[in-house]
> 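What follows is a single structure, and I will ask about it in a moment.
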Amino acid sequence: MNAEHRHSGSPRHWLMKSEPEAFSIDDLKRKRREAWDGVRNYQARNFMRDGMQPGDRVFFYHSNCATPGIVGIAEVATDAYPDPSQFDPASRYFDPASTRGQPRWMLVDVKFVRKLRRTISLDELKGHAALLGMPLLRKGNRLSVMPVAADEWAYILALE
DNA sequence: GCCAACGTTGGC
DNA sequence: GCCAACGTTGGC
């Protein structure tokens, strides 16, 4: 994806993973809005930097927990900007190779939209042939930010 | 807690 | 530029 694809067409859809022990959908609900810091994977960064625009919808996914799955909906609230944590030596996300002049890591703010009425678990998603093309379901996938096709988005919402 | 899968790093 | 070693992710 590149700059010429930005701001064209209808809003895109995304999926963002978070470990609920670190930051859950309930945390987002309480705070209303959050800077999605700590992404240190280039592909995930590129989706935020080059693909996301304010108003895009996001599936909030709980990973590394008892029942991994989609638990809510958020919305992209900003364009991408430098992740402040990369400049903070006290942060676990500090990156000594990054400079303010040439920041390596970008993020967006996301805001809470709603919780799903129930968790749509990873296990359940795997049971739908229509969804098997999702990067989320690819074996060994470790991306924490990924696109969701419009038809997959609608299909999943219809499961709720 | 285990470990497969993957991305990154660094020696050469 | 190769690739082994290492660290991390995340399901189970």
Side-chain angles (χ1 to χ4, degrees), chain A residues 1-3 5 12-31 34-52 56-76 80-110 112-149 152-153 155-157 159-160:
Chain A
M1 216 170 293
N2 59 50
H5 290 127
R12 301 170 193 279
H13 302 89
W14 307 93
L15 182 144
M16 298 172 94
K17 295 178 182 176
S18 185
E19 301 190 10
E21 209 166 284
F23 190 78
S24 71
I25 187 68
D26 288 319
D27 293 325
L28 183 63
K29 182 178 184 180
R30 187 177 61 254
K31 297 185 68 176
E34 182 77 354
W36 203 265
D37 67 357
V39 170
R40 293 296 180 268
N41 170 282
Y42 289 107
Q43 207 179 345
R45 177 204 66 184
N46 293 348
F47 285 133
M48 289 196 289
R49 185 188 64 188
D50 306 329
M52 286 187 178
D56 286 357
R57 288 288 163 117
V58 178
F59 280 140
F60 195 110
Y61 179 92
H62 280 174
S63 66
N64 203 11
C65 56
T67 306
I70 297 167
V71 294
I73 296 172
E75 184 179 308
V76 176
Y81 63 95
D83 181 341
S85 67
Q86 71 196 303
F87 307 124
D88 177 5
S91 169
R92 61 172 291 216
Y93 300 123
F94 178 60
D95 184 347
S98 189
T99 66
R100 290 184 187 274
Q102 296 216 309
R104 181 182 292 189
W105 303 111
M106 306 288 280
L107 55 67
V108 297
D109 290 2
V110 301
F112 179 78
V113 174
R114 67 177 181 88
K115 290 178 72 169
L116 296 191
R117 291 191 287 277
R118 64 183 187 86
T119 297
I120 301 178
S121 71
L122 176 64
D123 191 54
E124 178 177 354
L125 294 171
K126 284 177 176 171
H128 293 273
L131 302 176
L132 293 181
M134 294 181 72
L136 178 71
L137 302 186
R138 251 195 354 248
K139 184 183 170 81
N141 169 60
R142 289 166 48 192
L143 262 186
S144 63
V145 178
M146 69 191 81
V148 176
E152 293 163 348
W153 179 274
Y155 187 97
I156 291 168
L157 274 186
L159 297 176
E160 183 185 9

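Chain letters run A, B, ... following the sequence lines, proteins first, then strands; residues in each count from 1.
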> Among C/dG11, C/dG10, B/dG7, find the nucleotide with the atom closest to the side chain of A/Asn41.
B/dG7

> Of all the choices, C/dC12, B/dT9, C/dG10, which nucleotide is nearest to the side chain of A/Lys126 once you look at every atom?
C/dC12

> If each of A/Asn64 and A/Arg138 is mapped to the nucleotide of DNA chain B with the nearest heavy atom, which maps nearer the 5' terminus, i.e. the 5' end?
A/Asn64

> Within this structure, what is the CD-to-P distance between A/Glu124 and C/dG11, rounded to whole angstrom?
15 Å

> From CG of A/Leu125 over to C1' of C/dG10, roughly how many Å is that when rounded to an integer?
15 Å

> Show, in sequence, the C-alpha distance, side-chain angles and deciding distance for A/Asp95 and A/Asp83, and conclude whether the side-chain contact (heavy atoms from CB on, under 4.5 Å) test is met.
CA-CA 10 Å; A/Asp95 184 347; A/Asp83 181 341; over 6 Å; no

> Contact between A/Pro82 and A/Met106 at the side-chain level, heavy atoms closer than 4.5 Å - yes or no?
yes

> Using OP1 and OP2 only, check whether a side-chain N or O of A/Lys17 sits under 4.0 Å from C/dG10.
yes

> How would you list all residue pairs meeting salt bridge (charged side-chain N to carboxylate O under 4.0 Å, His left out) that involve residues 119-130 of chain A, not counting sequence neighbours?
A/Arg118-A/Glu124

> In whole angstrom, what separates A/Arg40's CZ from B/dT9's P?
12 Å

> Between A/Trp153 and A/Phe59, what is the ring plane arrangement, given parallel below 30°, perpendicular above 60°, and tilted in between?
parallel

> Once you round it to whole Å, what is the distance between C1' of C/dG10 and CG of A/Leu136?
11 Å

> Does the A/Arg45 side chain pair with the main chain of A/Arg104, one donor and one acceptor, at a distance under 3.5 Å?
yes

> To the nearest Å, give me how far apart CG (A/Leu143) and P (C/dT9) are.
12 Å

> Side-chain N or O of A/Tyr61 less than 4.0 angstrom from OP1 or OP2 on C/dG11?
yes

> Quick one: A/Asp95 CG to C/dT8 P, roughly how many Å, whole number?
14 Å

> Check the distance between B/dG1's P and A/Glu21's CD and give it to me in whole angstrom.
12 Å

> From CD of A/Glu19 over to C1' of C/dC12, roughly how many Å is that when rounded to an integer?
15 Å

> For the side chain of A/Tyr42, counting heavy atoms from C-beta on, which of B/dT8, B/dA5, C/dG11 is nearest?
B/dT8

> Is there a side-chain contact between A/Lys139 and the phosphate of B/dA5, meaning an N or O under 4.0 Å from OP1 or OP2?
yes

